[in-house]
Number of protein chains: 2
Amino acid sequence: MPSSPVPSRPPGRASSPTAGRIRKRPEERREEIVDAAAAIALDAGMERITLRAVAERLGVRPGLITHYFPAAEDLVVEAFSRASASERELFFPADERTPIQRLAHFVDHMERGLSAPLARLWLNAQHLSRFVPALDAALQQQDALDRERLSGILADGIASGDFAEVDVETASQRILLAVDGTGSYINSSAELGAVRRGFVADVAEWTLGLEPGALRRALG
Amino acid sequence: MPSSPVPSRPPGRASSPTAGRIRKRPEERREEIVDAAAAIALDAGMERITLRAVAERLGVRPGLITHYFPAAEDLVVEAFSRASASERELFFPADERTPIQRLAHFVDHMERGLSAPLARLWLNAQHLSRFVPALDAALQQQDALDRERLSGILADGIASGDFAEVDVETASQRILLAVDGTGSYINSSAELGAVRRGFVADVAEWTLGLEPGALRRALG
DNA sequence: CAGTCCATTGGTCGTATGGCCAATAAGCCC
DNA sequence: GGGCTTATTGGCCATACGACCAATGGACTG
């Protein structure tokens, strides 16, 4: 995710103490920092976003991170939003399939565990927002975006007659509640049973008036 | 929760540097420590269980906590198990009501938000178990106990004809998945809408073949 | 080419953590 | 009552964190 994996250091040895100083445009550097923090959040957890960790990943001194984010907490929040937004695209492909196929893709993506990093991040943020009000706000925002996307699919499906004429807002909230319920086990080492694996699909079919198995069959 | 809130210090001023040294039976002291840690976990979060915080709550020196828990992490795990187990009793009253009433009580207890501390603790543990394998194990154990309790109610209800003849294991897992989904919003400042508030009841009624509203009516 | 701005560095400070250890004293046993 | 076990203390250490600041030097402007 970081736009430049490691800043190319001029001659000298790899970690030469006299390593060259690379000056970048503020916007570019800021992007780099947020990207690095988002990457850390995804694969090590948000509490691992420290000035030192981010700086090291970028081959830069910790003070520089402080320069861009005087309050480290703000970086954490921004990193979450970025990581969350970028992962969302994997869930909701912007192609032109039918509503039921798009919903099936969404459900399937999760049953296969392809969203594990995002699920972990989500759980992480849900807990951490207990201590970081700004993160709570960012979480609500990202949640609203998800609900919006899902509601769009559901509305299309109801219009096309694929789904029963249920309240879109209720249905999307229920499905996302099922997603959260399933996701809350993401860090568990227990084997994933059929009930948990199929919960989102079951809830979706129940609340949308589909016959059991309809989503799985829609994958084609 | 701590059996003795603050150890009575002999004469002298409250925080006298020459405060008396109180020697307790190891088992008793150990209980005290776990209780204090559990209390901290419930109202401040498990990451706030530190040697110093626990020691201060007991009016004792941090080194004493280390004496009983050479690895602080073990205290965290034990504190979680204790807090979780003690809160469980509030959910599953051991009285002699009908299955549907017991289930209704369980659902109602949550809709009213009476289980907020436990929900927060649960979310806390679900996230933290990512980094603490022993906590993951404890979490699975507590989860199994919950499922056992709930399954007992469901089995009774099916036997009595109150619930449809569904698979008990599937039903209890689904209901607890709904609980987890709802609980994942416990730290959100967003107002709790009707959909989220009623999700557990809706899922329970759906999966147990009850008519909508049956649980709410069973409260009497 | 000289001057200015500010991105970047290197270093320091205060705080908090878990862990370790020797000294102390409380209470039990003989 | 004397001695022994060990619960408890007080102190120290290494580490990691966020924050702050003066000095440096890269790049742009005139």
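Every chain is numbered from 1 and lettered A, B, ... according to where its sequence line falls, protein lines coming before strand lines. The basis for the numbers below is simple: all heavy atoms, side chains too, and nothing from hydrogens, waters or symmetry mates.
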Closest heavy-atom pair, B:L114 versus B:P117, reported as atoms and distance to 0.1 Å, is O-CD, 3.9 Å

To the nearest angstrom, the CD-C1' distance between B:E47 and C:dA16 comes to 15 Å

The salt bridge (Lys or Arg N to Asp or Glu O under 4.0 Å) partner of B:E32 among B:R57, B:R25, B:K24 is B:K24

Next on the checklist: Under a plain distance cut-off of 3.5 Å, with no hydrogens placed, do A:S172 and A:S151 share a side-chain donor-acceptor pair?
Outcome noted: yes

B:N187 backbone acceptor or donor facing A:R130 side chain under 3.5 Å: no

Between CD of A:E27 and P of C:dC6 the distance, given in whole Å, is 13 Å

*asked:* A quick test of your reading: do over 12 heavy atoms of other residues, nucleotides or ligands sit less than 6.0 Å from CD of B:E169?
replied: yes

A:E56 atom CD is separated from D:dA16 atom C1', nearest whole Å, by 13 Å

- Message: Less than 4.0 angstrom between a side-chain N/O of B:R29 and OP1 or OP2 of D:dT8, yes or no?
- Response: yes

field: Test: A:R29 cationic atom under 6.0 Å from A:Y68 six-membered ring centre, within 45° of axis
entry: no

| Going by the angle between their ring planes, with limits at 30° and 60°, are B:W122 and B:F80 parallel, tilted or perpendicular? | tilted

From CZ of A:F69 across to P of C:dA7 the rounded distance in Å is 13 Å

When rounded to whole Å, the CE to C1' distance for the pair B:M46 and C:dG18 reads 18 Å

Nearest-nucleotide check on DNA chain C, B:G63 vs B:R48; residue mapping nearer the 5' end is B:R48

Between CZ of A:R30 and P of C:dT8 the distance, given in whole Å, is 13 Å

Taking C:dG18, C:dT9, D:dC17 as options, the one with an atom nearest any side-chain atom of A:L64 is C:dT9

Regarding the side chain of A:Y68, the nearest nucleotide among D:dT8, C:dT9, C:dA7 is C:dA7

Rounded to whole Å, CD1 of B:I49 lies from P of C:dT17 at a distance of 13 Å

Correct closest heavy-atom pair for A:A72 and A:L51 would be CB-CD2, 4.0 Å

Checking C:dT8, D:dC20, C:dT17 against the side chain of A:T66 (C-beta onward), the nearest is D:dC20

Residues of residues 123-139 of chain A with a heavy atom under 4.0 Å from any atom of DNA chain D, listed by number, are none

Under 3.5 Å, is there a donor-acceptor pair linking the side chains of A:S189 and B:Q140?
yes

Contact under 4.0 Å: B:H67 side-chain N or O vs D:dT8 OP1/OP2: no

Closest of D:dA7, C:dG19, C:dA7 to the B:R52 side chain is C:dG19

Here the salt bridge (charged side-chain N to carboxylate O under 4.0 Å, His left out) pairs for residues 59-80 of chain B, sequence neighbours left out, are B:R30-B:E78

For nucleotides 24-29 of chain D, give me every protein contact, N/O to N/O, under 3.5 Å, one pair per line with atom names.
residue : atom : partner : partner atom : Å
D:dT24  : O2   : A:R21   : NH1          : 2.4
D:dG25  : N2   : A:R23   : NH1          : 2.7
D:dG26  : N2   : A:R23   : NH1          : 3.1
D:dG26  : N2   : A:R23   : NH2          : 2.9
D:dG26  : N3   : A:R23   : NH1          : 3.0

To the nearest angstrom, the CD-C1' distance between A:E32 and C:dA7 comes to 13 Å

Closest to the side chain of A:P26, out of D:dA7, D:dG18, C:dA7, is C:dA7

